[in-house]
Amino acid sequence: MLRIKNLKCGYGRIMAIQGVSLSVRQGELISIIGANGSGKSTLLLAICGLLKTWDGEILFKDNDLKGMSPQSIVRQGISMVPEGRQIFAPLSVMDNLKMGGYTMYRKGLKKQVEQDLETIMDMFPILRERQNQLAGTLSGGEQQMLAIGRALMARPSLLVLDEPSMGLAPKIVEMIFATIQGLRQEGVTILLVEQNARAALKIADRGYVLETGKMVLQGSAEELLVDDDVKRAYLGKDYGNFYDGRD
Amino acid sequence: MAEQKKIFIEHTLFLTIVLLCGLFVKNIYYLQIMTFVGINTMLALGLNMLMGYAGQVSLGHAAFYGIGAYTTAILSTTFGFSPWIALICSVGGAVFVAFVVGLPTLKLSGYYLGMGTLGFGMIVNIVFREWSSMTGGSSGFVGIPMLEAGPILFISGKNYFFLVWTMVFLAIILCRRILSSRMGRALRSIHDGENASMAVGVNTHFLKLQIFMFSAALGAIAGFLYAHFVLFISPESFGFMVSVKMVTMVVIGGMASVWGAILGASLLTLLPEVLHSFAEYEMIIFGLILMIVMIFMPQGLTRGLLDIYEHSRKHVGKIKTGK
Amino acid sequence: MQQMKNLTVEEKNQLKLERLQSTLNRAYKSVPFHRNRFIEKCMLPENIVSLSDIERLPFMNRSHLGLHYPYGLFAVPLRDIVRIHTAPGTGTNPSISGYTKTDLMIWQKLVARSLEAAGVTSMDILQINLPPGLANWGRDYKDGAENMGASVIPNSPLSLAKTLMVLRDYKTTTLVTTLAFAEQLMEHMFENERNPNEFNLKRIVLVGEPVGVEQIKNLEEHLHVDVWLNYGLSEIPGPAIAFECLHHCGMHINDDHILPEIIDPVTREVVPPGQTGELVLTTLSARAFPLIRFRTGDMARFTYNPCECGSSLITMDWLAERADTMMIISGIKISREQVIIYLKDALEASHPRCKLEKIRHGGTEILSISLVIDDSLFSDEIKNLEKLMVSTSERLAELTGVPVKITLTEKKD
C-alpha cells in the first residue's frame with residue numbers, strides 16, 4: 001500500500017533522512033523504531049505532506065505523493081496521529097472528533113460523520129463520557145485516545161502514529177497499544193513510529209530500525225525481538241558479560 | 001439548548017442596554033463617545049476573529065479602516081456616488097486588498113507575519129498621504145456627505161448611534177454564526193498550531209485568508225461609519241498608532257471572546273476621556289492601567305473578570321459551608 | 001517469514017531493495033573492510049538507489065575471507081555471534097563464518113523451505129551423511145529439519161555398512177548426502193545385490209557439487225528414489241541457497257535473502273539474461289557476516305521459465321564448470337595454486353610439475369597429485385623419496401582438509 005524508495009529529506013541543510021526505503025502492505029502493522037534524532041518523525045512528516053520538499057519516491061496505492069498538500073494526502077486515505085497528540089485544546093472533545101471528519105463534511109457526508117462519531121465513542125467510552133469537556137483538560141492517556149479517534153474519523157486506509165507512548169505512564173501505554181492492536185485486528189493498516197521498541201515490536205508484523213537517518217535493520221517482529229543489536233540499543237538489556245542472556 | 005438560551009439572554013441584554021442608552025442619554029457628547037465605542041467595537045470584532053481565533057497577528061489593520069473610509073469618502077464626495085453604493089465598494093475594495101496581501105503574507109508566521117502586516121499598514125498609510133489628488137493628502141479630506149436612508153438623516157446623535165450599534169449587533173451575530181459553524185471549528189483548531197489541522201485535512205492557508213478578508217471587511221465598514229460620522233478624515237486616523245490601539249483593544253478585552261471585543265473597545269475609547277481631567281498624567285495612568293491588566297489578567301479582562309467572579313463564588317461557598 | 005508467493009514483483013523488488021540498503025548501511029557502519037571499499041570509490045550506501053546499482057560496487061572473493069581472519073569481516077560484536085563455522089580455507093588462515101541468533105533463525109527457515117520443496121514433511125525421517133568438510137551443512141540441515149518437525153538422524157562417522165543398517169532399520173525416508181556417497185551406496189547395493197525396496201528411502205538430497213542429468217537418472221533408477229539438488233556455499237551463509245522443487249526445472253534461489261548476479265568472469269560485467277557466467281552473491285539479511293558481491297566461482301545461468309510450483313524465486317541452472325581454478329573435493333574447495341605453493345614449500349623445489357585430480361576411492365574423494373620426477377627431486381635413496389612423499393602428502397592433507405595421495409611419474413619428453 002505504501003512504498004517509499006530512497007527518501008531524502010530534512011530541514012535546510014540538515015538531512016534528517018538519508019536514503020530510506022520502506023514498505024507497508026495492506027493489513028500490516030509496521031513499527032519503525034529508533035532513538036531520538038534518528039529521523040523517525042521527519043519520515044512521518046514527509047509521508048503526510050507536512051514537509052515542503054523531499055527527494056525520492058513515496059507511492060501510496062500507486063499514487064505519487066510528491067508535491068501533494070496535506071489535505072490531499074488525507075483525502076487519499078492517510079491519517080496521522082501526531083507526536084505529542086496535538087489535540088485541539090480550545091475545542092471540546094466532540095468538536096475535536098468532528099474536526100477529524102472534516103474531509104467527510106466537505107464531501108457532504110454529514111450522516112456518515114454522525115454515524116462515525118457514534119462508532120468512535122463506542123470504541124472509546126471515555127470520550128463519550130467527556131464529550132463536552134474541553135480537550136485541553138483531558139489526561140494524557142485520554143488525549144491520546146482522542147487523537148486516535150480523531151484520526152479514525154477520516155476513515156483512513158493507513159493510520160500513522162507518531163510516538164503514541166510518549167509522555168504516558170506505563171499502564172496507559174499498555175492500554176494504548178492494546179487499542180492499536182485492536183484496530184489492526186479490525187483490518188486497519190498501521191504504521192507506527194516508536195521509541196518504546198518492546199511495546200512496538202510486540203504488536204507489529206514487521207519492523208524497521210532507523211539510525212541517524214538510515215535503515216540499518218528490518219525483518220519480522222520476531223526476528224527483531226531476538227536481535228542483539230536491537231536488544232542492546234532499544235530493549236534496554238545490560239551487556240556486562242561476554243555471553244548475552246540467552247533467554 | 002442551555003447554550004442557545006444563554007446566547008439569547010446575552011443578546012437581549014445587549015439590545016436593552018443599547019436601547020436604553022440611545023433613548024435616555026441626552027448629552028450629545030456622551031452619545032458621540034458611545035458611537036465611537038461602537039465603531040471601535042466593529043474594528044475589534046474583526047481583528048478578534050483574526051487574532052483571537054485564528055491566531056494570526058496583524059499590525060497594520062488600520063489600513064483596512066482607512067481603505068473603507070477613503071473609498072467611501074472619494075466615491076461619495078468626488079464622484080457623487082450614493083454612500084450606500086460606496087459602502088459596497090469600500091467593503092469590496094478592502095476584501096480585495098486583503099486577498100492580494102494575505103495570499104503571500106499569511107504563509108509567514110510569528111514575527112515575520114507581524115513585520116509583513118506592519119509593512120503593509122505603512123504602505124497604505126503612505127498612499128493616503130501622498131496621493132493627494134484623490135485623498136487630499138496630509139491635510140485631509142473634507143466634505144464627506146452625511147448618510148441618508150429615505151426620510152432619515154443620519155446626523156451625529158441618536159440616529160447615528162442606533163445605526164452604528166445596529167450594525168455592530170449584526171456583526172456580532174455574524175461572528176458568532178461563523179464561530180459555531182464547521183468553519184469556525186476549523187478556525188479555532190489552527191490557533192495552537194497548524195500541523196494538526198492540516199493533518200486532519202483543513203486547508204489552513206485558505207482558511208486564514210478567508211478570515212483575513214472577513215476582518216478586513218469589518219474594518220472597512222467601521223471606516224465607512226467613521227467617515228460619514230465625522231465628515232472629515234485624514235491619514236493620521238489610520239496610522240500605525242491606530243493599528244496598535246486596535247491590537248490593544250483585542251488583547252485587553254480578551255482574545256477569542258466576542259464580548260471581549262466590546263469590553264476592550266469600550267475601555268480604550270472611554271479611558272482617555274475619563275483621564276482627560278488628569279491632564280499631564282493621562283498617558284502615564286493609561287499606560288499603568290494597561291500594564292496592570294496585562295500582568296494580572298493576561299488572558300484579558302473578560303477572562304479575568306469571570307475568574308474573579310467564579311473565585312469569589314467559591315470563596316463565598318466555602319464560608320457558607322463553614323470552612 | 002514472508003510467503004514470497006503472495007507478493008507482486010514490485011513488492012518483492014521493494015523488499016529486496018530495502019534489505020540490500022540496510023545490509024550496505026550495516027556493512028558500511030560496522031565493517032572497516034567494506035567501508036574502505038566504499039570510500040575508495042567515493043561512494044556512500046545511499047548512492048545505491050536501485051537493485052541494479054549494485055553493479056557499481058566492487059567484488060569480494062575467497063581470498064578476502066582468509067585475509068581478514070579472524071574478526072575482520074564480522075559486522076557484529078563477537079558476543080553476538082552464537083555460532084562460528086570453520087573450514088580449512090584457501091590460505092594459511094582458516095576460513096570462518098559466523099551467525100547471530102537471528103541469522104540461524106533465518107537459515108533454519110530457508111533450509112526448511114528447500115526441504116519442503118522436496119516434499120519433506122514432519123512425518124519424514126531424515127538422515128544426514130556428509131563428509132567432514134561439509135559438517136557445518138550437516139548441522140544446518142539438522143536444524144532446518146528439526147524446525148519442520150521431521151525426525152533427524154544427524155551426521156555421524158559410521159561405516160558404510162552400519163549406515164545402511166540405520167537407513168533400513170529406522171526407515172529413513174530422506175537422505176541428505178553428496179553425490180560421491182550416493183554413488184557409493186548405489187555401487188554397494190549393486191555389488192551385494194540388495195534390493196532398494198528394502199529401504200524406505202523416498203528421496204535423496206544432493207549437496208556440494210553440480211550433478212549431471214545422467215548421474216541423476218542413474219541414481220533414481222537404481223535406488224528408486226527422487227533426487228533433489230541443493231546449492232549452497234560453504235562460506236556464509238550456508239546450504240540451501242538454491243533448491244529444486246518438484247518440477248525439477250532448475251534451482252530456485254532464495255532471492256529474498258540472497259541477491260544473485262551472473263557475471264562474465266573475465267570482463268566482470270553482468271551478462272545479459274540467460275547467459276552463462278559466474279555466480280555472484282550478495283547477502284540481504286545476514287547480520288553477522290554480510291557478503292557483498294561475493295564471487296563464488298560456480299558457473300550458472302538464470303532461466304526465466306515460470307515454474308509451475310508458482311514460486312516467484314529466480315531459477316538457475318548450476319553448471320559443472322568453474323570460473324575459478326578451484327576443485328571441490330568432498331565438498332571442500334581447494335585452490336590449485338595453493339596446493340602448488342604447498343608443494344613448492346614441502347619439496348623445496350621451485351617448479352614442481354604436477355597434475356592435480358580428484359579421484360574417488362571407496363566412498364571418499366581424495367586429491368591425487370601426479371608428480372613428475374625431475375632432477376631437483378631425484379634422489380638415489382628410494383626410501384628418502386618415499387618418506388618425503390609420505391610426509392608431504394600428510395602435511396598437504398592437514399592443510400587442505402582432504403586426503404592426499406602423491407604418485408610419482410616419469411618425465412615425459
Side-chain angles (χ1 to χ4, degrees), chain A residues 1-9 15 17-28 30 32 38 55-59 62 205-233 237 239-247, chain C residues 1-4 6-31 43-51 53 74-83 98-109 256-257 284-288 290:
Chain A
M1 199 187 260
L2 179 70
R3 211 176 298 153
I4 301 179
K5 269 199 206 155
N6 307 308
L7 180 66
K8 285 200 178 95
C9 55
M15 278 288 140
I17 299 279
Q18 300 163 25
V20 158
S21 304
L22 73 92
S23 51
V24 182
R25 285 192 288 281
Q26 180 135 19
E28 282 191 311
I30 304 292
I32 302 179
S38 54
D55 254 321
E57 195 179 80
I58 301 183
L59 290 177
D62 294 325
D205 295 313
R206 291 188 298 124
Y208 290 85
V209 179
L210 196 57
E211 220 173 77
T212 51
K214 298 186 249 230
M215 284 300 185
V216 290
L217 210 53
Q218 74 274 81
S220 69
E222 182 193 22
E223 284 165 22
L224 291 179
L225 278 169
V226 303
D227 191 284
D228 301 293
D229 264 339
V230 173
K231 275 198 206 159
R232 251 198 306 273
K237 286 215 156 190
Y239 282 84
N241 321 322
F242 177 84
Y243 297 106
D244 63 45
R246 295 177 189 229
D247 46 345
Chain C
M1 181 98 119
Q2 272 78 34
Q3 282 300 97
M4 289 304 279
N6 299 339
L7 299 182
T8 65
V9 175
E10 271 176 12
E11 286 177 336
K12 204 174 130 184
N13 284 339
Q14 172 78 15
L15 198 68
K16 282 156 67 165
L17 181 65
E18 289 170 16
R19 287 183 176 167
L20 176 64
Q21 288 180 333
S22 73
T23 301
L24 293 177
N25 282 333
R26 268 178 283 131
Y28 185 88
K29 182 178 73 152
S30 313
V31 185
M43 279 175 68
L44 287 172
E46 69 206 50
N47 297 131
I48 306 295
V49 298
S50 69
L51 289 174
D53 273 352
F74 281 167
V76 296
L78 198 57
R79 59 179 184 271
D80 291 350
I81 311 278
V82 298
R83 191 191 291 182
Y99 301 81
T100 64
K101 228 191 272 199
T102 319
D103 287 332
L104 288 182
M105 215 162 102
I106 295 177
W107 274 98
Q108 275 176 25
K109 294 211 182 108
D256 46 341
H257 291 276
L284 291 179
S285 35
R287 309 277 198 262

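Labels below follow one simple rule: chain letters A, B, ... track the order of the sequence lines, proteins then strands, and each chain is numbered from 1. The analysis underlying the following values was restricted to heavy atoms, covering all of them including side chains, and did not include hydrogens, waters or symmetry mates.
- Distance CG/A:Leu59 to CG/A:Leu2: 8.5 Å, rounded to 0.5 Å.
- For chain C, the option among A:Ile4, A:Asn6, A:Val20, A:Val209 with the highest count of heavy-atom pairs below 4.5 Å is A:Asn6.
- Interface residue C:Ile48: only backbone heavy atoms are found under 4.5 Å from chain A.
- Ranked by heavy-atom pairs under 4.5 Å with chain C, the list A:Gln18, A:Met215, A:Gln218 is led by A:Gln218.
- With chain A as partner, the option from C:Arg26, C:Gln14, C:Glu46, C:Arg287 having the largest number of non-hydrogen pairs under 4.5 angstrom is C:Gln14.
- At a 4.5 Å heavy-atom cutoff, the contact between C:Gln21 and chain A is made by backbone and side-chain atoms alike.
- Applying the salt bridge (Lys or Arg N to Asp or Glu O under 4.0 Å) test to A:Glu211 and every residue at least two apart in sequence or in another chain returns C:Lys29.
- Residues C:Ser285 and C:Trp107 are not in side-chain contact: their nearest non-hydrogen atoms beyond the backbone lie 4.5 Å or more apart.
- Between A:Val230 and A:Leu225, every side-chain heavy-atom pair lies at or beyond the 4.5 Å cut-off.
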**Request:** Any chance you could lay out the salt bridge (Lys or Arg N to Asp or Glu O under 4.0 Å) test for A:Lys5 and C:Glu18, step after step, and finish with the verdict?
**Result:** CA-CA 8 Å; A:Lys5 269 199 206 155; C:Glu18 289 170 16; over 6 Å; no

